[in-house]
Each structure stands twice: as C-alpha cells, then as structure tokens.
Amino acid sequence: MVDRAEFGRRPRSVTVAVALMAIVSVGYLVDAAAILSGASAYPDRVRDAMIAAEIDPRAVEVLRPLVSVLPYGAAGITAVAAVILLGVALWVRAGSFVGRIFAWVTTGLSLVCGLGALGSSGTVAFSGIARVSAYSSDESGTFTFAQSLPDAYPPAYRHLSTAVGLAAMLALIVVAVLLARPAANRFFRPFVELTVAQASAARTAPTIPIGTTESSAWVGAAAAPAPPTDGPAAELALLIRKHQRGELTDEEFTAARDDLLGGR
C-alpha cells in the first residue's frame, strides 16, 4: 500500500475543498433537523391549506398518510446526502484519485437537485422537491391544490433552507474548481503512476522456487519477500519527490518518467 505522506504535503486547494465539503455536510444536517422539528405539525398545515383551496375533504383524508411521511422522507434524503458528501470528503482527504472523481459526481448531482428544487418551489434546498398536489370536482367546478414542503413550514424555515441551499451550491462549485487545479492534479497523479509502476515491477519480478527440503521459516520468507528498496518503482518515487520539490520542471519530470517506464 502506498503512503501518501511519501509524496509531500497535501496542497491547499485540496485541503480547502475537503473543508468546504465538510461544512456543506453540516449545513445539510442542520436543514434535515429543521425539517424534522416541524414534521409533526406538517400534516395539519397541509390539511388546512387544502380545505382553504376548497378541495373535497375526502381527498384530504386520502392524502393524509402520504402527507404525514413526506417531511421524514425529505429529511432522510437530506441527511443521506450529508453523509455521502462527508464520506467523499474523507476519501479525497486520503488522496484517493477515485475519491476525487466521486467528489465531482456528487457535486454535480447536488447541483442538479438544487436547481430542480429551485424550479419547483423557489428554494434550492432538497426539501423543495417534495410537493403535494390534489384536485377535486363537484357541481360548482374543479379545484386544484399544489404546495411544496417549504411553503407549509413557517417562514423562518424557508429562509434557513434557502440560505443553506445557496451556500451549499456555491461551495460545491468552488470544490469542483479546486479539485481540478494543477496542484490537485499533481497530488492525485503520483499515486496512479506509482501504482502502475509497482504493478509492472511485480509482473516482471523473478519467481523464487520453493524447495521441498527447506525449513518452514525459509519458505515463509520466500513467499512474502520484503518490499524492494530499489528498482523502477523506487526510482519513479524519487522523480516524483524531486518534481514536487521543484527540482525538476514538468518537462524534465515527464521526460525522465517516460524514459524510466519506456526503457523497461
């Protein structure tokens, strides 16, 4: 397993991106807690609004079970988004190249959900996607009702959710940009390059035959040799460290790396 500390300090762009993802996660959890705090009163607020819109009371009662679970579903989705984003942040902090890809994917999905909620309810919080719609008809005409979840909460929640949602969207855009900066590329790239070099070295390493008369201690040592301290993998690690310290330019590093890996 490759130790990330071998390749130097984590660049500031990655550190800031991780911090922003953690802050957004906390904001999502605050939003989820605010949704849960008003969940018990939510069905009655929706019922009153439907009656005011002259929806048939029978339709109101039919929809009540669904309306009762809607805030819990919205809070659950928001909390899951927070946990996933925090997990991706820890993954990126550990220097995972795949974690950076997942950070971009998670950021994109969060932005899409926020924009969808904005078009549906005027707020970018995930809860804005939750919506109750109903209609009823009688001899006096047809009556319709449509209300997003934030509209049934006190105005304070709508202000909170909008602030959290907007801040989260801006922060995630900054995260996507920071993780695409050259310093971040240099931080994640050596792990991939060194792993490829080690795998190549392992495939070409000579096979040590195990005799039938040797002791069990000798067999164990032959079966699990100590990691090599020289060879292409070590030379590549040295080149990477020199590149990160500024001793090699990008062109010199690329040429030396290609010469090392291409000449094997």
Side-chain angles (χ1 to χ4, degrees), residues 17-55 59-90 102-136 143-176:
V18 170
L20 287 175
M21 285 190 284
I23 292 172
V24 172
S25 298
V26 173
Y28 285 165
L29 291 176
V30 170
D31 188 25
I35 296 172
L36 291 176
S37 67
S40 60
Y42 177 74
D44 292 334
R45 296 195 192 100
V46 174
R47 181 200 60 198
D48 294 342
M50 292 177 71
I51 292 176
E54 300 187 42
I55 299 296
V60 175
E61 293 305 317
V62 169
L63 288 176
R64 187 176 180 85
L66 175 62
V67 171
S68 298
V69 301
L70 195 61
Y72 296 100
I77 292 173
T78 305
V80 168
V83 172
I84 291 176
L85 188 59
L86 183 59
V88 172
L90 295 175
F102 269 88
W104 283 327
V105 172
T106 303
T107 296
L109 290 176
S110 298
L111 293 176
V112 169
C113 291
L115 292 175
L118 180 63
S120 174
S121 63
T123 176
V124 292
F126 291 157
S127 60
I129 301 175
R131 192 175 185 85
V132 177
S133 299
Y135 76 93
S136 63
F143 305 93
T144 61
F145 173 82
Q147 185 184 64
S148 64
L149 186 145
D151 290 334
Y153 272 68
Y157 170 71
R158 188 175 186 87
H159 299 327
L160 171 67
S161 64
T162 300
V164 169
L166 285 176
M169 291 184 70
L170 293 175
L172 292 177
I173 291 173
V174 173
V175 167

Please round to the nearest 0.5 Å and tell me the distance separating atom OG of Ser110 and atom CZ of Phe126. 4.5 Å
Quick one: which residue pairs count as a salt bridge (Lys or Arg N to Asp or Glu O under 4.0 Å) with a foot in residues 113-125, not counting sequence neighbours? none
Here the pair of heavy atoms bringing Pro43 nearest to Val67 is CA-CG1, 3.8 Å
Arg158: side chain to side chain donor-acceptor pair (under 3.5 Å) partners, not counting sequence neighbours: Asp151
Of all heavy-atom pairs linking Met21 and Ala103, the shortest is SD-CB, 4.3 Å
Taking only residues two or more places apart in sequence or in another chain, which ones pass side chain to side chain contact (heavy atoms under 4.5 Å, CB included) with Ala163? none
For Leu63 and Ala134, the nearest pair of non-hydrogen atoms, with its separation, is CD1-CB, 3.5 Å
Contacts under 3.5 angstrom, residues 72-86 side chains, donor-acceptor by atom type, not counting sequence neighbours:
| residue | atom | partner | partner atom | Å |
| --- | --- | --- | --- | --- |
| Thr78 | OG1 | Ala74 | O | 2.9 |

My understanding is that only residues two or more places apart in sequence, or in another chain, count here; which of them pass salt bridge (Lys or Arg N to Asp or Glu O under 4.0 Å) with Arg64? Asp44
For Ala176 and Trp104, which heavy atoms make the closest approach, and how far apart are they? O-NE1, 3.2 Å
When rounded to the nearest 0.5 angstrom, what is the spacing between CG in Leu172 and CD1 in Ile23? 11.0 Å
Working to the nearest 0.5 Å, report the span between CG of Asp31 and OG of Ser161. 6.0 Å
Nearest heavy-atom approach of Phe102 to Val88 is C-CG1, 4.0 Å
Residue list, side chain to side chain contact (heavy atoms under 4.5 Å, CB included) with Tyr135, at least two apart or on another chain: Ser137, Thr142, Thr144
Restricting to side chain to side chain contact (heavy atoms under 4.5 Å, CB included), what partner residues turn up for Val62, sequence neighbours left out? none
Within a reach of under 6.0 Å around CZ of Phe143, are more than 12 heavy atoms found that belong to other residues, nucleotides or ligands? yes
CG of Leu20 to CD1 of Ile173: how many Å apart, nearest 0.5 Å? 12.0 Å
With sequence neighbours excluded, tell me which residues meet side chain to side chain contact (heavy atoms under 4.5 Å, CB included) with Ile129. Cys113, Ala117
Under the side chain to side chain donor-acceptor pair (under 3.5 Å) test, which residues partner Thr106, sequence neighbours left out? none
Tyr153: partners by ring pair (Phe, Tyr, Trp, His ring centres under 6.0 Å), with sequence neighbours left out: Tyr42, Tyr157
For residues Val174 and Leu170, determine if any side-chain heavy atom of one lies less than 4.5 Å from a side-chain heavy atom of the other. no
Minimum-distance pair of heavy atoms, taken over all atoms of Ser136 and Glu54: OG-O, 3.8 Å
